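Just so it is clear: chains get the letters A, B, ... in the order the sequence lines come, proteins before strands, and each one is counted from 1. None of these values were measured; they are calculated from a predicted model. These numbers come from the heavy atoms of this one structure, side chains and all, not from hydrogens, waters or symmetry mates.
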2 protein chains.
Amino acid sequence: MFSMTSLNSKDTEFPPEAPELAGFRGPHLAVDVALFTIAPGADRANSRLAFLVVRRLDGLATGEWALPGRMVREREQLSTAVETALKEKCGLTGIEPKQLRVFDEPTRDSRGWVMSVAHLTVQHWDFVEAALAQNPNLGLGYVQLETRFQMELPDGQKNLPFEQDLIVRYAVQDLQLRYRAKPDPDRFLGPTLTIYQLRKVHEAVLGKELDKDVFRRKMEPKLEKTSEMATGTVGKPAELFKRKS
Amino acid sequence: MFSMTSLNSKDTEFPPEAPELAGFRGPHLAVDVALFTIAPGADRANSRLAFLVVRRLDGLATGEWALPGRMVREREQLSTAVETALKEKCGLTGIEPKQLRVFDEPTRDSRGWVMSVAHLTVQHWDFVEAALAQNPNLGLGYVQLETRFQMELPDGQKNLPFEQDLIVRYAVQDLQLRYRAKPDPDRFLGPTLTIYQLRKVHEAVLGKELDKDVFRRKMEPKLEKTSEMATGTVGKPAELFKRKS
DNA sequence: AAAATAGTGTCTGTGAGACAGTATCGG
DNA sequence: CCGATACTGTCTCACAGACACTATTTT
């Protein structure tokens, strides 16, 4: 929208900045993403909450597994930077990142003054599985929710570099808070779902088993019937529901 | 902590930045604060939730009332920037700002690429009242909580500049969410309080009257008795409580 | 005494939690 | 048939909400 007015500026499409800003050079800005998915466990019943990690190929902490992230480019929005990072590093698209908070410790990055805006997003397992199969530099991290927040990373790595352990922890708490109140608000599942699928997702997020009946009665008023039935499962076919309003 | 290692760098106490960061100049970064207080109403019983605004003396939107804010300085932490802004512009100290979120619309500030990190904090009325009395460029804004989020600003101003209406709205929702669960978590009140005072604060934050008995029974298990009594009020003296753990 | 506020007793409705039972499918 | 899953009935307990009542102070 500025392209017509910037023919005399050097190589940007934005007008020159007001001189009073020159005295306040900002920090370098990065985005980091905790991308969660529900990974199937050994049997169908025991899925687990997992997050995506990438092997760092350059810069600090080369070789270590870390959250996907990226430096923010000129005039770029944060959500765009997150989407680009996931597309370029992981080949994942169609993401709606949610901002969590800024990590601003002045010494968190030894290369200079870098702040990081942490984001949270969620992706279906099918897409994550496909991305993992195509790229050996992608992996999954798990959080031990029962014990006191211990992590499992590929290659036996114990911690994430920078302050990213904090990001994961913060993100899990954020997820759990919202999954207590509403049925799958971040959409690990598609538009239609059975109560069984929904319960398995909530169990994975909260890290504990939920009572079958209590869960049904708490969720049903927040769901809408579709009069369609699920197929391809053992047992009595379950009704498919939609999320309400 | 870097002062000993930077004798050869120009005029900063930090070491020079790694060259790979040079290609990623970040945005200019500002902080904005929604500072809330409980302002007394016409009679003692009707206090209202209010937020502090300052008259802009320079830059864009000169003369308008806006949230206090400030550009972040080199290697400064966000919370420090907020504290400095409130101290310099409003003479208020002893603040613990809580980060809300980044507002990153690329065109929100016509002077250039500026992001703002919105913060929320709370201050006792006494301090705010003193600051207002000393500085004619300070004022109070009110939110109509009963209707659909309308604002009252000094001089009949209807909206805040930049995206600050959004900040206030976001901040109020954040406050309300936390005040549903816990007794005065942000400490509008001092360490000891009566249940009456507590209820009046919660009513101001939530914008509706609360049932006397229900409120007492919900809050008492989260409070600790002090066996001291409040003085200087009409009626039966109330017991003073402390917040638990 | 009247006004004002503090605090308690008690009834009701709702809903979580727990458990057992019935229904309907695939193999 | 059996195993597995979907769904329903029902009991208990806790607690929010509502109302009335008693208690203790100031004016």
In whole Å, I'd like the distance from the [atom1] atom of [X] to the [atom2] atom of [N].
| X | N | atom1 | atom2 | answer |
| --- | --- | --- | --- | --- |
| B:Tyr196 | D:dT24 | OH | C1' | 17 Å |
| B:Gln197 | C:dT5 | CD | C1' | 13 Å |
| A:Arg217 | D:dC7 | CZ | C1' | 10 Å |
| A:Asp213 | D:dT12 | CG | C1' | 15 Å |
| A:Leu210 | C:dG17 | CG | P | 9 Å |
| B:Lys222 | D:dC15 | NZ | C1' | 12 Å |
| B:Glu228 | C:dA6 | CD | C1' | 17 Å |
| B:Arg180 | D:dC15 | CZ | P | 20 Å |

Not counting sequence neighbours, which residues clear ring pair (Phe, Tyr, Trp, His ring centres under 6.0 Å) with B:Phe215? List them please.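 Scan of B:Phe215 (ring pair (Phe, Tyr, Trp, His ring centres under 6.0 Å), adjacent residues dropped) gives B:His202.
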**Prompt:** Which of these nucleotides, C:dG7, C:dT8, D:dT10, is closest to any side-chain atom of B:Glu239?
**Reply:**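 Comparing C:dG7, C:dT8, D:dT10 against the side chain of B:Glu239, the answer is C:dG7.
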message: Nearest to the side chain of A:Lys218, heavy atoms from C-beta on, is which of D:dA16, D:dA18, C:dA16?
response: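 The listed nucleotide nearest to A:Lys218's side chain is C:dA16.
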Problem set entry | Side-chain N or O of A:Arg216 closer than 4.0 Å to phosphate OP1/OP2 of D:dC7 |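 Checking D:dC7 against A:Arg216, a side-chain N or O does come within under 4.0 Å of OP1 or OP2.
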Note, [X] side chain near [Y] side chain (heavy atom, < 4.5 Å):
| X | Y | value |
| --- | --- | --- |
| B:Glu83 | B:Pro97 | yes |
| A:Ser116 | A:Val31 | no |
| A:Leu86 | A:Thr121 | yes |
| B:Met115 | A:Val117 | no |
| B:Leu140 | B:Val53 | no |

Expected string for nucleotides 21-27 of chain C under the B/S/- scheme (protein heavy atoms, under 4.0 Å, primed atoms plus P, OP1, OP2 as sugar-phosphate) is --BBB--
### Message
Listing request: all salt bridge (charged side-chain N to carboxylate O under 4.0 Å, His left out) pairs with a residue in residues 87-96 of chain B, at least two apart in sequence or in separate chains.
### Response
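Output for this query lists B:Arg70-B:Glu88.
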